[in-house]
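Just below is one structure, and these are the notes that go with it.
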Amino acid sequence: MKTSILKFIVKRILLGVMTLFIVSLLIFAVTQALPSDPAEAILGREATPEALAALRAEYGLDKPLVSQYTHWLGGVITGDLGTSYATMTPVSEYISPRVSASFFLLLIAALGSIPLSIVIGANAALRRDGKFDTSSSLISLILAAMPEFVVGTILTVIFSTTIWQVLPAVTYLEVGAPPWSDIKGLALPVLTLLIAVTPYVSRVMRAAMVEVLESDYVEMARLKGMNERTVLWRHAMPNAVGPAFQVIALNLAYLAGGVIIVERLYNFPGIGSALADAVRSRDLPVIQYLALIIAGVYVITNLLADIGTVLVTPRLRTRLS
Amino acid sequence: MACRECLQVLIGVEKVNSGLRIINLRLNVAATGNDIVDEVNLTIEKGRVLGLVGESGSGKTTVGLAVLSHARRGVEIAHGEIYCAGTEVLGLDADAKRRIRGELVSYVPQDPASSLNPALRIGVQLMEVLEVHDFGGSSEARKARIKEMMAEVLLPTDDQYLERYPHQLSGGQQQRVGLAMAFACRPSVIVLDEPTTGLDVSTQEHVLKTIRQLTRDHGVAALYITHDLAVVADLADDVAVMYAGRVVEQGEVAEIFGNPAHPYTRHLVAAAPDIAGKKQIVGLSGRAPSPGKRPTGCSFAPRCELAADECREAFPPNVRISDAHSAACIKIGKRGETATQTSPTIQSVSQGDVIIEVRNVSAGYSGTTVVHDVSLTLRKGECLALVGESGSGKTTVSRAIGGLHREWTGSILLNGVPLRSAARQRSVEDRLGIQYVFQNPYGSLNPRRTVGDSIARPLLIAGISKSASRSQVLDVLDKVNLPNSYANKFPDQLSGGERQRVAIARALVSNPQVLVCDEVTSALDVLVQAAIVDLLGNLRKDLGLSMLFVTHNLPLVRSIADHVAVMSEGRIVEVGPSESVIGDPQQQYTRNLITATPSIERSLL
Amino acid sequence: MNSSEIENSGLSRRHFIQGLGSAAIAAGVMSTSSINALAAPFAIKKGGVLKIGVVGGANDLFDANYIVAKADQARLMSTFETLLTFNEKFQPVTTNGLAESAKANSPTKYTIKLRKGVKFHDGSLLSADDVIASFKRLLDPAIKTTGKPLRTFLDPSGLVKIDNLTVEFNLKLPNVDFLATLAGYTYAISKAGYDGKNQIGTSGYKLVSFTPGRESVHRRFNDYWDAKNVHLNEVRIIDFADKTALVNALIAKQIDVAVDIPFEQFKTLKSKKYLNVVENSAGAWLAFCMRIDIKPFDDNNVRQALRLLVDRKQMLNRVLSGHGKIGNDLYGYIDANYNANAYPQRQQNVAAAVALLKKSGYSKSKPLRVELTAPDDTSGLVLMIQTLAEQAKKTGGVVIIDAKVIDGGTYWSSKGQYMNTGFYTTYWSGRSYLAQAAASMDTYPETKFPPANSKFRKDYELASGTINAKKRREIIARMQKEEFEKGGYIIPFFNNFADAYSTKVVGVVKRPAQLNMDYYAHGFKYISLA
Amino acid sequence: MNTTLVEANFVDERPPGLFRQALKLRRTQVGVVLSTLLITVALIGPFIAPFGSTEYVDMPNTLDVPGTLLGTDYFGQDVLSRFLFGGRTILILAVIATSIGITLGTTLGLTAAYLRGRYDEIIMRALDVVLSFPQVLLSLVVISMFGPSNVLIICTVGLSTTPRIARIIRGSAIGVVERDFISAAEAIGETRKRVVFSEVLPNVTSALLVEMNLRLTYSVGLIASLAFLGFTPEPNAANWGLMIQENRVALTEQPWGVILPTMALALMTIGTGLIGDGLSRVSAGIDRGGKGE
């Protein structure tokens with residue numbers, strides 16, 4: 001059984017790698033279509049044709065697309081991601097600290113939102129149509145309805161500039177400092193992301209819980225005389241989290257997109273702001289790498305969700321053997 | 001309430017302190033206050049089994065759950081008293097209720113597959129009942145008890161088996177686990193809610209045997225809920241018949257089946273096919289009224305051929321027929337014409353031309369062969385029953401004939417001409433010539449189309465104009481005894497029986513030569529089943545249809561088919577005229593199947 | 001330099017920044033105006049970390065002779081120094097400069113004497129060789145610097161080392177503005193051998209680290225030649241992608257200075273007791289460019305009609321909330337010779353415009369339909385083209401302007417709308433009339449004005465060699481007349497800019513300056529934290 | 001046996017459609033009222049606006065301008081008029097984008113569910129690739145490629161919505177495809193196209209309705225977010241999303257420029273969200289009461 005799970009995981013990983021490969025092709029194709037010549041973007045409009053040609057040769061921009069792609073992909077695999085056109089520094093050097101900062105932000109947001117969603121969803125399902133259910137569903141609906149930048153703007157006004165000046169308005173990380181060095185500064189970005197994701201996940205959680213609570217085996221557990229806590233945590237929860245995993249994964253991937261806005265809002269030095277910046281400055285190597293990373297987040301969270309679902313669902317787990 | 005005393009006298013209060021007593025129970029739809037069940041009075045003595053029978057929607061399960069002081073969402077217990085071994089359970093507080101469940105009174109659910117938690121090992125699920133009721137005092141004692149119970153329900157007792165998850169067990173094993181769980185804490189009362197529905201007859205036989213054994217050995221009062229009269233006859237000591245939320249008749253098994261008093265009971269018995277004898281089964285039209293739509297008087301009056309004005313004025317009182325027999329009817333003793341069992345038997349019209357020939361067909365799913373080298377012959381005007389337990393391959397064969405299953409080899413000939421595998425590849429004539437009627441009428445009609453539209457589709461595809469098709473639709477509706485107005489209805493406005501009639505109408509509209517009926521009655525109540533069987537018989541007679549009748553229901557075969565082919569594990573084990581195969585089976589497999597099938601007649605002997 | 005990123009223009013990606021021009025023609029006489037060398041009227045506290053916020057991003061660059069955005073200005077100013085600087089009247093002075101004295105021998109010959117004992121951040125002494133190397137770098141067309149305007153009148157061979165601390169500049173063409181040119185902040189002095197990567201300057205703070213898009217850290221340089229005026233321990237220049245975030249950070253007291261605040265927040269920031277808001281103007285301008293060699297703008301009637309169409313007051317209000325001065329289609333606002341002819345202010349006159357257009361055959365039935373473009377990275381320009389399009393509606397359909405916003409990368413590229421189409425937008429920093437005329441004529445011929453064989457060019461050459469101020473004024477007036485009547489620019493206004501900083505920050509002098517924070521207080525000198 | 005069936009006099013009337021059932025819920029009613037209100041504002045707003053959508057009124061970000069109710073915005077235009085003009089574009093953009101996503105997503109989802117096997121795998125894998133780019137990222141990159149235009153925004157928002165809808169539709173269609181009436185349709189020789197669109201599709205409308213609502217909500221938010229990041233086809237076009245971005249800087253001086261469109265977007269999305277919530281509750285049968293027997 002163990003080896004078959006391993007086999008399943010390996011298969012899923014291979015599938016993920018394939019998805020990423022196609023994604024990389026797509027990213028490359030799309031970024032090639034960006035207007036304006038990177039060589040000129042670097043050297044400026046005054047550059048001589050010779051200088052432009054030399055730079056194109058240096059970055060391999062004069063080679064056929066296929067060899068540019070294989071060179072790029074080879075670079076991605078070996079960790080040589082090229083030079084950022086905008087910063088003129090190696091992409092990895094520019095991006096790495098931002099990747100860890102963003103991942104930390106995402107991690108905190110995910111670690112906060114998952115249990116929060118589960119608790120809210122489970123409670124709402126348990127007291128269905130009760131006060132908590134109605135109010136939590138209404139509040140989550142309202143919060144989910146507002147785009148992140150609106151939520152963020154409102155939070156800033158409330159907590160840092162106009163009403164109370166209790167939280168930092170922006171995240172300030174000294175260069176080289178770990179992302180957790182400004183915990184207070186993370187408060188608003190995390191809160192914004194929580195508000196963006198929790199309503200949706202908690203609603204899914206509620207729906208999954210409702211379905212499970214309506215199931216025969218939960219009724220049976222009650223008829224066996226199990227107390228409500230056991231019914232909820234032992235009988236209902238394990239069956240509800242399986243389907244919820246998929247949604248959580250999708251939402252983590254959504255978070256990876258949400259950081260673009262949140263990071264800009266709070267001047268957070270992460271991949272989101274770097275991406276927005278890179279798109280504006282046509283910084284192809286950075287766009288390509290970041291898009292790949294974000295797609296990778298999606299592939300990995302999905303992979304984890306699939307594996308998680310299989311692990312908590314005995315039927316799937318044992319079917320593999 | 002006034003006659004509480006007389007009721008108690010009637011049911012013998014003094015005896016039931018150790019059994020189950022239900023007094024004047026009523027449950028409502030919480031939102032509307034309409035009664036789901038009312039005036040339910042039942043008594044089960046220790047060690048006895050009471051069969052609670054009735055059609056779906058009659059309130060059997062609601063009563064059963066009330067015994068555990070449980071009402072489903074949207075349902076509330078209005079009033080009544082339920083004594084389990086002397087303890088009144090409805091008035092208990094939430095914590096006390098929790099404590100009696102599983103300990104004093106336990107429940108065996110209808111569908112073990114969905115009632116066992118898929119995420120927990122069966123050992124855990126067994127153990128937790130014992131733990132929560134603090135049974136045995138120690139973990140070792142509980143483990144011993146689990147082994148003991150597993151042995152009693154004839155399951156392996158080793159630890160590895162207990163480590164299994166529910167889905168790793170067969171249906172019968174799952175139900176045994178359910179039984180073990182129910183009996184684990186030595187309850188005084190047990191409610192069994194159709195525990196054998198969905199099980200094959202041989203498995204059912206074993207489970208029933210186990211139930212009988214356990215109730216007798218442990219002196220448990222068992223409430224056995226079912227719609228299957230034969231099972232009741234086989235297992236129960238007493239019977240209570242429910243109709244539209246009321247108990248209309250109750251008494252000892254022999255009394256009820258030998259001398260049914262209430263017209264409804266008589267209809268039920270008349271509609272039930274029996275393996276023990278060739279019997280013309282008789283159906284009944286209409287359906288039981290749902291909560292909120294019940295008439296003031298007798299709920300059965302609208303369908304009752306004996307109904308008089310007085311029946312419609314007030315709900316009839318319980319009339320005592322004998323010490324162990326009472327019925328809620330004022331017309332007891334009067335017999336209607338419909339209940340006579342003198343209808344002519346089906347004439348054998350075999351020996352016509354061969355219309356369908358199945359030659360050496362093997363079929364499977366994605367590489368796994370489930371049907372091996374099957375050959376069958378269906379003659380014009382004949383009804384051939386294809387019987388077998390689930391997984392025997394009977395449906396695969398029928399689907400291959402209908403062009404719904406593509407993965408097969410061999411040949412199927414219609415009028416001597418080989419058929420293509422998929423319906424879509426077949427010629428229009430071939431397609432129209434063989435029509436398929438599905439098992440589940442709830443799934444075979446598109447809920448978003450009107451009945452008329454659904455029936456008309458084959459005609460429109462064949463290029464018949466809309467107006468021309470309309471008259472044909474009305475024509476076939478008439479053939480299946482549905483009024484014209486049904487053409488504009490949607491499936492969800494129809495009862496199961498009506499839907500199945502529509503499905504048959506849809507098949508008939510193409511003027512087929514062959515009707516493939518795939519378990520067409522298995523989702524239906526017995527009265528409706530009888531009516532459908534009756535309809536099919538008439539159609540066969542009137543239209544000269546040939547019919548392949550696929551079923552797992554052996555008793556039914558006797559009532560409908562000329563010939564029968566018995567399938568097991570993808571092979572045909574025995575073929576022959578129905579009477580001879582069932583009356584005098586030549587193969588051991590068929591013999592076992594027949595013995596395992598419960599029968600009212602046999603039980604009463 | 002173009003300091004007209006009115007708002008949101010953080011990344012103004014012009015890849016060709018002109019050296020900051022000069023102002024007054026202060027030929028020869030160099031007064032050491034001491035406005036900055038004031039004795040502080042407040043107690044100076046030593047130490048502390050100054051955090052200044054500025055709009056920037058991954059495009060941030062760090063170079064002694066090249067900038068793109070405000071963030072780059074701040075960093076350049078924090079590390080490098082020029083030979084001369086400007087006083088409050090935009091005259092070149094030696095205060096805060098590396099020159100001890102500067103002398104104009106003739107319109108083509110200038111002698112600069114360096115301060116003694118100036119040390120680079122690596123400890124080496126500043127010498128004439130470093131100055132010559134720096135200017136050679138500026139003159140090298142292969143290196144991306146702001147030196148292009150220099151090249152028209154200076155060759156590397158004209159740079160002569162007189163002694164270790166004296167350099168002579170021999171120009172190939174006369175330029176009476178040359179000393180002002182030397183005060184341009186991107187003509188800063190780096191150590192000989194500077195490659196644009198190792199930021200070794202002479203300022204009071206030396207670079208510790210620089211991370212594009214994040215921040216740069218600068219620590220006090222103890223061997224600074226004017227060490228007594230360097231008070232802070234550290235300066236951090238922090239990037240903000242979004243102006244709102246920048247202002248929020250200031251309000252939330254996370255930074256001490258917000259450079260170049262949006263006018264939208266002016267009142268709010270002013271109302272905060274813990275903040276100072278300083279507004280400045282330095283003759284920077286935003287303009288519409290009409291190429292006089294492209295139809296229909298080759299027709300002067302069309303050009304003049306469009307100039308008459310503009311409601312300048314409204315445009316100033318809409319685009320800058322009124323924070324600026326009305327323009328009259330002439331540049332060189334900080335020049336003493338601005339509007340030397342004293343032309344009446346051009347007012348919106350739709351009837352006159354329509355009449356002019358009628359002469360050229362345009363009417364309601366045959367309208368003048370033109371496309372006007374602006375880059376999306378400079379929101380002031382975006383607002384301007386929209387305002388003009390809106391104002392053109394007053395002609396009742398005779399003039400139809402299609403305002404199009406173009407992606408900045410495309411717009412500014414060599415094949416983009418900028419300089420290649422008939423009607424587009426531009427922005428410039430303030431400089432003297434002649435310097436601007438040279439830039440607009442040769443370095444960046446945005447309008448292709450003047451036409452070939454025009455007297456304008458001869459007059460320019462004449463004026464550049466004329467030391468006599470009165471005579472020069474006459475020549476300039478002739479040139480201005482020509483431009484006012486036939487030129488291709490529509491200059492609706494000169495824009496202001498503003499900074500806000502915490503009241504804790506002391507030592508920022510309020511005076512006219514071309515860069516924010518009083519030239520970033522010349523490398524954060526004089527500034528301390530209370 | 002008597003032949004003609006007595007037509008039972010208590011045949012259940014047909015249960016009302018999903019939307020009608022949902023309308024019985026308070027939340028759906030509130031949702032309908034909110035959405036109708038906002039759609040009305042968006043549609044008739046331009047006709048009752050006191051000023052033109054780009055007309056200059058007075059100095060930007062001034063609160064007390066005579067003749068205006070709420071003062072001027074960042075560009076000296078009447079805030080109220082901008083607001084009244086601003087609903088139409090974003091609504092139309094969002095509706096068209098969502099429709100594209102719905103059409104494509106439904107088609108692909110149904111096809112995948114119906115064909116199963118290899119085709120299913122290929123379709124879903126391909127959609128997975130699209131799905132692996134967050135919507136904002138995808139829109140950002142594509143729009144930066146071709147420059148922001150309404151058509152492009154509609155296309156990217158629509159396309160990035162497609163896989164999300166396809167997944168949901170596939171999920172609910174898979175259950176439908178297994179049902180016998182699909183086999184019945186195949187048995188009578190219905191074409192594949194007809195089976196997919198007239199047999200399967202009508203049976204996933206509940207899921208579709210719910211998803212449509214959700215996606216409309218998200219599309220409005222996404223288009224507004226793109227405007228926030230500075231990607232908007234016509235700068236200064238009256239558009240609630242863009243309005244928030246434009247006036248955000250001056251939030252403290254002219255709050256109405258942010259408050260009005262924020263409220264409008266929020267109420268609008270809350271409205272559609274409530275409708276969607278009501279629909280999903282009804283379609284999940286959650287509020288239908290107990291299972292009965």
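The figures that follow rest on heavy atoms only: side chains count, while hydrogens, waters and symmetry mates do not. Here is how names work: the chains are called A, B, and so on, in the same order as the sequence lines, proteins then strands, and each is numbered from 1.
Contact record, C:Leu383 with D:Phe75: O-CZ, 3.2 Å, taken as the closest heavy-atom pair.
Annotation: side chain of C:Asp242 is in contact with side chain of D:Arg248 (closest heavy-atom distance under 4.5 Å).
Taking 4.5 Å as the heavy-atom cut-off, the residues of residues 56-68 of chain D that approach chain C are D:Tyr56, D:Met59, D:Pro60, D:Asn61, ordered by number.
Both the backbone and the side chain of C:Thr387 come within less than 4.5 Å of a heavy atom in chain D. Using a 4.5 Å cut-off between heavy atoms, C:Val247 does not touch chain D at all.
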Apply side-chain contact (heavy atoms from CB on, under 4.5 Å) to the pair C:Lys393 and D:Thr54, showing each step before the final yes or no.
CA-CA 11 Å; C:Lys393 287 182 187 161; D:Thr54 55; 3.9 Å; yes

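Partners of C:Asn349 by side-chain hydrogen bond (donor to acceptor under 3.5 Å, both in side chains), not counting sequence neighbours: none found.
Atom CD in D:Glu246 sits 10.5 Å away from atom OG in C:Ser379 (nearest 0.5 Å). The distance from the OG1 atom of D:Thr252 to the CD1 atom of C:Ile251 is 6.0 Å, given to the nearest 0.5 Å. Once rounded to the nearest 0.5 Å, the distance linking CD of C:Gln265 with CD of D:Glu253 reads 6.0 Å.
At most 12 heavy atoms of other shown residues, nucleotides or ligands fall within 6.0 angstrom of atom NZ in C:Lys313. Atom NZ of C:Lys267 sits in a crowded spot, with more than 12 heavy atoms from other residues, nucleotides or ligands closer than 6.0 Å.
Remark: C:Arg318 does not engage D:Asp73 in a salt bridge, criterion side-chain N to carboxylate O under 4.0 Å.
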